[in-house]
Amino acid sequence: GAVVSQHPSWVICKSGTSVKIECRSLDFQATTMFWYRQFPKQSLMLMATSNEGSKATYEQGVEKDKFLINHASLTLSTLTVTSAHPEDSSFYICSALVARALGTEAFFGQGTRLTVV
Amino acid sequence: QKEVEQDPGPLSVPEGAIVSLNCTYSNSAFQYFMWYRQYSRKGPELLMYTYSSGNKEDGRFTAQVDKSSKYISLFIRDSQPSDSATYLCAMSLYSSASKIIFGSGTRLSIRP
């Protein structure tokens, strides 16, 4: 199967600073990647759809100026949490779709646990 | 109404039991159905996928899709403590660029 690598796996930052999370497709090209946030014991919440070479599409309620997404190449998308606050502490996961003959299959990164202190 | 409904659980069963996990959905256009398993503090991993209606079996796991009822199931036979995880159903339209819609996930615990 396809491999999606996410880095870092965990990060602790001070309130007010910015944190960048990388999502790479290692053995395939991904024109579209997705960024999710997951709070403890809750499901994945889609934050935005990252499109290579164009602006990301954000879900309702997600601040685009706070969660900056850059998808500059077919194998890398980055999520930057700007001016992080403790309420931004969460598990962030990216995924990329692989087109199959009969639909699409999503492969996920390992996730990044962000703690803002 | 959510597009995909899934009982969050938690569901606790003894080791060796048969587990049944289910999801319902509202969009009849969904064609591609998946089950993901997520261990604590890890990204989800694909467990099973099924196209359109029918059954698919892989070892101890069986996925069923009933499009007429808009209902999908995942059965786990001879459940093991290592099966303890959150299981998410997911589905997409029949399109190479489709966004995948996830259920809320069911937390499963297998008691030794």
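Residue numbers start from 1 in every chain, and the chains themselves are labelled A, B, ... in the order their sequence lines are given, proteins ahead of strands.
Side-chain atoms of B:Y36 never come within 3.5 Å of backbone atoms of A:F107 as a donor-acceptor pair (strictly under, hydrogens ignored).
B:V4 and B:L74 fall within the same hydrophobic cluster, defined by Ile, Leu, Val, Met, Phe, Trp and Tyr side-chain heavy atoms under 4.5 Å apart, directly or through other members. In the hydrophobic cluster analysis, where Ile, Leu, Val, Met, Phe, Trp and Tyr join through side-chain heavy atoms closer than 4.5 angstrom, B:F61 is grouped together with B:F33. Under the 4.5 Å side-chain heavy-atom criterion for grouping Ile, Leu, Val, Met, Phe, Trp and Tyr, A:M45 is not connected to A:F91 through any hydrophobic cluster. B:L21 and B:V65 end up in the same hydrophobic cluster when Ile, Leu, Val, Met, Phe, Trp and Tyr side chains are linked at under 4.5 Å. A continuous path of ILVMFWY side-chain contacts below 4.5 Å connects B:Y25 to B:W35, so both sit in one hydrophobic cluster.
Of all heavy-atom pairs spanning B:P44 and A:L44, the tightest one is CG-CD1, 3.9 Å.
The part of B:Q38 that comes within reach of chain A is its side chain, from C-beta onward, which places non-hydrogen atoms under 4.5 angstrom from that chain. With a 4.5 Å cut-off on non-hydrogen atoms, A:Q6 does not touch chain B at all.
Contact annotation for residues 66-88 of chain A against chain B (heavy-atom separation below 4.5 Å): no residues qualify. Heavy-atom proximity under 4.5 angstrom to chain A picks out B:L88 from residues 82-90 of chain B. Among residues 103-112 of chain B, the residues having any heavy atom closer than 4.5 Å to a heavy atom of chain A are, in sequence order, B:G103, B:S104, B:G105, B:R107.
The 12-atom threshold is exceeded at CZ of A:F108, counting heavy atoms of other residues, nucleotides or ligands nearer than 6.0 Å. Counting heavy-atom neighbours within 6.0 Å of A:K20 NZ, excluding the residue itself, gives a total of 12 or less. The local environment of CZ in B:R41 is sparse, with at most 12 non-hydrogen atoms from other residues, nucleotides or ligands closer than 6.0 Å.
Atoms CZ and CD, from B:F102 and A:Q38 in turn, are 10.5 Å apart once rounded to the nearest 0.5 Å.
Under the ring-ring contact (aromatic ring centres under 6.0 Å, His included) criterion, A:Y92 pairs with no residue, sequence neighbours left out.
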Evaluate B:K42 against A:Q110 for side-chain contact (heavy atoms from CB on, under 4.5 Å), listing each step before the verdict.
CA-CA 5 Å; B:K42 299 289 185 183; A:Q110 313 93 308; 5.9 Å; no
